[in-house]
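Comments concern the structure below.
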Amino acid sequence: MIYLDYAATTPMSASALEAYRQASLRFFGNASSLHDTGTEAERALEGARRAIASLLDVSRDGLFFTGCGSEASFLALASLALSRQDKGRHIITSTIEHSSVRNSFQWLESNGFDVTWISTDRDGVIQADRVREALRDDTILVSVQHVNSEIGTVHPLEEIGRLLLDHPALFHSDLVQSFGKLPLKPEELHLDSFTISAHKIHGPKGLGAAWISPKLSWRPFIPETIHEHGFRPGTVDVPAIAAFAVAAREAFANLQANLETVHSLKKIFLETVSLEPAVVRVEGNNARTSPYILGLTTRGMEGQFAMLECNQRGIAFSTGSACQVNQQKPSPTLLAMGRNEEEARQFVRISLDPELTERDIRRAGEILRRVMEEHLQLSKSVL
């Protein structure tokens, strides 16, 4: 099977897996325990926290580990919004956020917050002007993703962040699809908070992290929590966090080389598919998308059909974010871009990784092209 669904998850790297094994043997203690075994685990935990924070040039004091990226987003957004509700209850996000952020804002909305949902332009970009137009005196929080998980759009966070420097609203971003893949300095983006995930960069599943600037106060979502400085309950998974740190260091050490490789693979894939835009359309503005994610509309064929046909021929890709495809709904990103439901159901997502070979990519492109050609011939014969 040629796997092209790396935006959904990645296999653990050999070094991350070995780090997990070693840490499981050496640092099995509860990092909150006061005996020596607990102290050793706490030292390993803080070493990993320091390593990940240093990759982004942020304070380790603001980095909190969670059970996944989705949980990290919810806890960060809820903690920040609830702690500032005396200053206002207006919050802003976009219509194309990952389901974890959308669901968090819907929860806040059901608990009395007033949400403005910003739409995209036709290329799926959240423009700073739309954030400016939505701001109010009682706006306390804005959350805009960095990279869209379906079409790979890279949003202008630095421009939005500069805009918010003159406003008291806090700025959060879901960095899950850009962490370890694109050049990233949260301070330059003027972020007050962000969330990341381990399993998107060849780290372990079931592990994410949220960062909140230590300059800010926040309210724990669950009172009386002692772990992770009150941010999240539950014994911390030190071995997984050690593996996360190793995977993150590898990703950042190879970031530029990986980018160049993936750019080349994306180009080869599109050249191999080589179908007319009337048959396969690339979604989004290519100049503003991550090379790791390629969103395609397969005209006249439902994305799920294309996915199943290619799966039978040894190619694995998805019809959107793994957190929503089981609901059998059309792509929310395409709907937000103005596509109708039929067009949004014709969507497939190819997501790449540097471990793929040129041979893999050519083979995958040939199979998708063949599936589309066969479908077009069948459609013509039916007509």
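Sorted by first and then second residue, the side chain to side chain donor-acceptor pair (under 3.5 Å) pairs involving residues 180-194 (not counting sequence neighbours) are Asp57-Lys185.
Few gaps surround CZ on Arg162; more than 12 heavy atoms of other groups in view lie less than 6.0 Å from it. With a 6.0 Å radius and a threshold of 12 heavy atoms from other residues, nucleotides or ligands, Asp86 has its CG atom above the threshold.
Of all heavy-atom pairs spanning Val131 and Ile92, the tightest one is O-CD1, 4.5 Å. Between Thr153 and Gly124, the shortest heavy-atom distance links the atoms CG2-O, 3.3 Å. Here the shortest heavy-atom pairing between Ile241 and Ala48 reads CG2-CB, 3.5 Å. The two atoms that bring Ser70 and His98 nearest to each other are OG-CE1, 3.8 Å, heavy atoms only. The two residues Ala78 and Leu108 have their closest heavy-atom pair at CA-CD2, 4.3 Å. When every heavy atom of Ala169 is checked against every heavy atom of Thr139, the shortest pair comes out as CB-O, 3.6 Å.
A donor atom on one side chain and an acceptor atom on the other are found under 3.5 Å apart for Ser13 and Glu250. With no hydrogens or angles considered, a side-chain donor-acceptor pair links Ser73 and Thr195 at under 3.5 Å. A donor-acceptor contact under 3.5 angstrom links the side chains of Ser119 and Arg130, judged on distance only. A donor-acceptor pair shorter than 3.5 Å can be found between the side chains of His155 and Gln145. Neither side chain, Gln177 nor Ser149, offers a donor N or O lying under 3.5 Å from an acceptor on the other.
Electrostatic pairing of Glu46 and Arg49 counts as a salt bridge here, judged by a charged N lying under 4.0 Å from a carboxylate O. Between Arg132 and Asp129 a salt bridge is recorded (basic side-chain N to carboxylate O distance below 4.0 Å). Salt bridge Asp5/Arg349: present, at least one basic N to carboxylate O contact under 4.0 Å. Under a 4.0 Å N-O distance rule, the pair Glu374/Arg370 does not qualify as a salt bridge.
Cluster annotation: Trp117 and Ile96 are assigned to distinct hydrophobic clusters (Ile/Leu/Val/Met/Phe/Trp/Tyr, side-chain heavy-atom contacts under 4.5 Å, transitive). One hydrophobic cluster holds both Phe252 and Leu189 under the rule that ILVMFWY side chains link at heavy-atom gaps under 4.5 Å. Val125 and Val142 are not part of a single hydrophobic cluster, where members link through side-chain heavy atoms under 4.5 Å apart. Under the 4.5 Å side-chain heavy-atom criterion for Ile, Leu, Val, Met, Phe, Trp and Tyr, Ile196 and Leu216 are members of distinct hydrophobic clusters. Grouping the Ile, Leu, Val, Met, Phe, Trp and Tyr side chains by contacts below 4.5 angstrom, directly or via other members, places Leu135 apart from Ile91.
At distances below 3.5 Å, not a single donor-acceptor pair connects side-chain atoms of Lys200 with backbone N or O atoms of Thr10. Remark: the backbone N or O of Ser213 is not paired with any side-chain donor or acceptor of Trp218 at under 3.5 angstrom. In this structure a side-chain-to-backbone donor-acceptor pair under 3.5 Å is present from Ser59 to Asp61.
You'll find the side chain of Ser217 reaches within 4.5 Å of the side chain of Arg84, heavy atoms only. When side chains are defined from C-beta on, Val147 does not count as touching Tyr292, because their heavy atoms never get closer than 4.5 Å. Residues Met12 and Val246 form no side-chain contact, since every pair of their non-hydrogen atoms from C-beta on lies 4.5 Å or further apart. Side-chain contact between His146 and Ser290: absent, with no pair of heavy atoms (C-beta onward) separated by less than 4.5 Å. In this structure, the side chains of Asp114 and Arg89 stay at 4.5 Å or more apart for every pair of heavy atoms. In this structure, the side chains of Leu296 and Val282 come closer than 4.5 Å at one or more pairs of heavy atoms. By the 4.5 Å heavy-atom criterion applied to side chains, Ile361 and Leu352 are counted as neighbours. Asp174 places none of its side-chain heavy atoms less than 4.5 Å from the side chain of Ser143.
The aromatic rings of Phe65 and Phe244 stand perpendicular to each other, their planes meeting at an angle above 60°, with 30° marking the opposite boundary. Ring orientation note: the planes of His202 and Tyr6 are tilted relative to one another, at an angle of 30° to 60°.
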Salt bridge (charged side-chain N to carboxylate O under 4.0 Å, His left out) evaluation trace for Glu366 with Arg313: CA-CA 11 Å; Glu366 288 167 359; Arg313 306 178 195 205; over 6 Å; no
Intermediate values then yes/no, side-chain contact (heavy atoms from CB on, under 4.5 Å), Asn340 and Glu343: CA-CA 5 Å; Asn340 60 40; Glu343 290 173 318; 3.2 Å; yes
Criterion salt bridge (charged side-chain N to carboxylate O under 4.0 Å, His left out) on Arg21 and Glu18, from CA distance to verdict: CA-CA 5 Å; Arg21 189 185 74 84; Glu18 178 61 17; 3.0 Å; yes
side-chain contact (heavy atoms from CB on, under 4.5 Å) between Val348 and Met301, worked out: CA-CA 10 Å; Val348 298; Met301 178 193 292; over 6 Å; no
Residues Asn311, Met1; criterion side-chain contact (heavy atoms from CB on, under 4.5 Å); working and verdict: CA-CA 8 Å; Asn311 182 68; Met1 179 70 73; 3.4 Å; yes
Trace of the side chain to side chain donor-acceptor pair (under 3.5 Å) decision for Gln304 with Thr319: CA-CA 6 Å; Gln304 182 143 349; Thr319 57; 5.1 Å; no
side-chain contact (heavy atoms from CB on, under 4.5 Å) evaluation trace for Asp123 with Ile151: CA-CA 10 Å; Asp123 289 329; Ile151 65 172; over 6 Å; no
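Distance check, rounded to the nearest 0.5 Å: CZ of Arg362 to OG1 of Thr272 gives 5.0 Å. Atom CG of Leu34 is separated from atom OG1 of Thr37 by 12.0 Å, given to the nearest 0.5 angstrom. Distance check: Ser32 OG to Leu45 CG gives 8.5 Å after rounding to the nearest 0.5 Å. Interatomic distance, Ser318 OG to Phe347 CZ, rounded to the nearest 0.5 Å: 7.0 Å. Note: Arg50 CZ to Leu63 CG = 12.0 Å, rounded to the nearest 0.5 Å. Expressed to the nearest 0.5 Å, how far OG1 of Thr298 lies from CD of Glu309 amounts to 11.5 Å.
Taking the six-membered ring for Trp and the full ring otherwise, Phe221 and Phe74 have centroids separated by under 6.0 Å. Taking the six-membered ring for Trp and the full ring otherwise, the centers of Phe171 and Phe194 sit at least 6.0 Å from each other.
For Arg232, the side chain to side chain contact (heavy atoms under 4.5 Å, CB included) test picks out Thr66, Glu71, Leu75, with sequence neighbours left out.
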Donor-acceptor contacts, no H, no angles, side chain residues 259-266, under 3.5 Å, sequence neighbours left out:
| from | atom 1 | to | atom 2 | distance (Å) |
| --- | --- | --- | --- | --- |
| Thr261 | OG1 | Ala257 | O | 3.1 |
| Lys266 | NZ | Asn286 | OD1 | 3.3 |
| Lys266 | NZ | Thr289 | OG1 | 3.3 |

